[in-house]
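Throughout, residue positions are numbered sequentially from 1 according to the sequence presented. Read the numbers this way: they start at 1 and go in the same order the structure lists the ligands and their atoms. Because the structure is a prediction, the values reported are computed rather than measured.
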Amino acid sequence: MERIDGKALAAQVKRQAADQVAVLRQQKIVPKLAVILVGEDPASKVYVGGKAKDCAECNIESDVIQLPAETTQQQLLEQIDTLNRDQSVHGILVQLPLPGHIDEKAVIEAIDPKKDVDGFTPVNVGRMFVGEDCFLPCTPAGCIELIRAAGVEMKGKKAVVIGRSNIVGKPMALLLLRENATVTVCHSKTQDLAAVCREADILVAAIGKDRFVGKDMVKPGAVVIDVGINRGADGKLHGDVDESALSDVAGKITPVPGGVGLMTRAMLMVNTVKACKKLNGMA
Ligand code: NAD
């Protein structure tokens with residue numbers, strides 16, 4: 001079994017983004033990402049910190065706007081409106097989840113689609129659906145890059161995606177379809193999940209259950225993309241796939257950590273550079 005090196009690929013993707021930023025900066029254009037964090041959720045703080053670090057690495061300016069947990073929906077919408085109109089800002093990202101009293105859907109819909117570097121607004125989702133140019137959601141886009149970089153042909157292959165969330169499972173299925181794979185989407189109501197998964201040449205696990213995918217669910221030689229990030233009872237981070245059980249089954253696998261998570265972060269940099277170029281009439 002070969003491990004797909006997400007760390008190396010993410011570093012390469014970020015270097016390419018940094019090269020593009022250097023060209024933009026020569027023209028006095030400075031890409032900028034604004035990240036809004038509402039409340040004190042420790043995991044969200046870590047994620048936001050990671051995004052700021054990636055921006056620094058790519059020479060992208062970043063602005064983390066930390067708002068208190070009691071921020072009202074109206075206040076948050078006003079903040080987004082300010083960023084929508086701020087010409088120095090090219091990407092806007094609202095870190096999810098938001099506190100329970102705020103309607104996430106209304107907040108996402110308020111982001112200018114031209115600055116929607118997460119690819120979550122209905123306009124970008126719709127464009128992705130019909131195959132138009134858009135901001136692709138970072139996690140599934142990163143998965144596609146990982147599969148591609150591993151030298152795996154997607155065309156004509158059987159791909160199975162476990163999970164149908166709006167941010168991972170559904171767009172993942174769509175992007176695999178775009179690559180001409182034959183795609184099956186599984187979810188919590190799927191019957192005989194293991195048998196369906198065993199059909200897959202490419203298996204993507206986006207379930208949110210610690211080491212859920214075992215040997216019985218993987219076809220020999222399959223490519224396994226593990227999207228899950230779960231804190232195990234041992235306090236360590238684990239994927240949705242039990243990598244240790246697959247050593248003599250899977251052909252290639254993305255590790256957790258060191259796989260999809262890093263590529264998700266790298267794709268945000270790609271989208272931010274793209275937004276900056278488009279807003280400046282350069283792409
Ligand atoms: P979610 O909870 O929104 O969706 C989980 C999906 O799994 C659902 O569609 C559900 O139908 C399916 N599911 C649940 N139990 C199942 C079962 N027993 N059998 C088959 N399907 C089942 O989660 P999400 O936001 O899509 O995230 C999934 C995982 O990916 C989580 O671990 C999350 O932390 C991780 N994640 C990682 C990244 C990254 O950058 N690596 C980004 C987003 C999410």
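Close approach of ligand 1 to N230 is summarised as follows: ligand atoms under 4.0 Å from at least one heavy atom of the residue are 32 (O). Atoms of ligand 1 lying under 4.0 Å from any heavy atom of G163, numbered from 1 in the order shown and given with element: 6 (C), 7 (O), 9 (O), 12 (C). Each of the following atoms of ligand 1 lies closer than 4.0 Å to a heavy atom of V168: 26 (O), 43 (C), 44 (C). Within the listing of ligand 1, atoms 17 (C), 18 (N), 19 (N) sit less than 4.0 angstrom from a heavy atom of F212. The G261 neighbourhood of ligand 1 comprises atoms 40 (O), 41 (N), with distances under 4.0 Å to a heavy atom of that residue. Heavy-atom contacts of I162 reach the following atoms of ligand 1: 20 (C), 21 (N) (cutoff under 4.0 Å). Each of the atoms 25 (O) of ligand 1 lies under 4.0 Å from some heavy atom of I167. Ligand 1 places these atoms under 4.0 Å from at least one heavy atom of L193: 19 (N), 20 (C).
Annotation: atom 11 (O) of ligand 1 to nearest protein heavy atom, S188 N, 3.1 Å. Among all non-hydrogen protein atoms, the one lying nearest atom 35 (C) of ligand 1 is V227 O, 3.4 Å. In this structure, the protein non-hydrogen atom closest to atom 1 (P) of ligand 1 is S165 CB, 4.1 Å. With respect to atom 42 (C) of ligand 1, the closest heavy atom belonging to the protein is T139 OG1, 3.2 Å. Nearest protein heavy-atom contact of atom 31 (C) of ligand 1 is G208 CA, 3.5 Å. Closest to atom 16 (C) of ligand 1 among all protein heavy atoms lies I207 CG2, 3.6 Å. Scanning the protein heavy atoms around atom 20 (C) of ligand 1, the nearest turns out to be H187 O, 3.1 Å. If you check which protein heavy atom lies closest to atom 8 (C) of ligand 1, you get R164 N, 4.0 Å.
Distances from ligand 1 to the non-hydrogen atoms of A206 include at least one value under 4.0 Å.
Here D81 pairs with R85 in a salt bridge; the nearest charged N to carboxylate O distance falls below 4.0 Å. Between R3 and E243 a salt bridge is recorded (basic side-chain N to carboxylate O distance below 4.0 Å). We find that D133 and R127 are not joined by a salt bridge, their nearest charged nitrogen and carboxylate oxygen being 4.0 Å or further apart. The pair E179-K155 fails the salt-bridge criterion, with no side-chain N (NZ, NE, NH1 or NH2) lying under 4.0 Å from an Asp/Glu carboxylate O.
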Apply the test salt bridge (charged side-chain N to carboxylate O under 4.0 Å, His left out) to residues K105 and E109: give CA-CA distance (whole Å), side-chain angles for both, the deciding distance (0.1 Å), then the verdict.
CA-CA 6 Å; K105 194 166 160 278; E109 286 185 12; 3.6 Å; yes
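Under the 3.5 Å distance criterion, the side-chain polar atoms of N180 are left unmatched by any main-chain donor or acceptor of G156.
For the residue pair Q75 and Q79, no side-chain donor N or O sits within less than 3.5 Å of a side-chain acceptor on the partner.
The side chain to side chain donor-acceptor pair (under 3.5 Å) pairs that include a residue from residues 91-100 are K51-Q95, where partners are two or more places apart or lie in different chains. The stretch residues 257-271 participates, sequence neighbours left out, in these side chain to side chain donor-acceptor pair (under 3.5 Å) pairs: D54-R265, T139-T264.
Of the candidates I92, D63, V48, V35 forms a side-chain contact (heavy atoms from CB on, under 4.5 Å) with just one, namely V48. With I253 as reference, V241 is the one residue of V241, V218, I4, V223 to meet the side-chain contact (heavy atoms from CB on, under 4.5 Å) rule.
The shortest non-hydrogen separation linking I29 to C276 is CG2-SG, 3.5 Å.
The side chain of K209, and not its backbone, has at least one atom closer than 4.0 Å to an atom of ligand 1 (non-hydrogen atoms only; side chain from C-beta on). Residue T264 touches ligand 1 through its side chain alone, judged by heavy-atom distances below 4.0 Å. Looking at I229 against ligand 1, both its backbone and its side chain come within 4.0 Å, counting heavy atoms.
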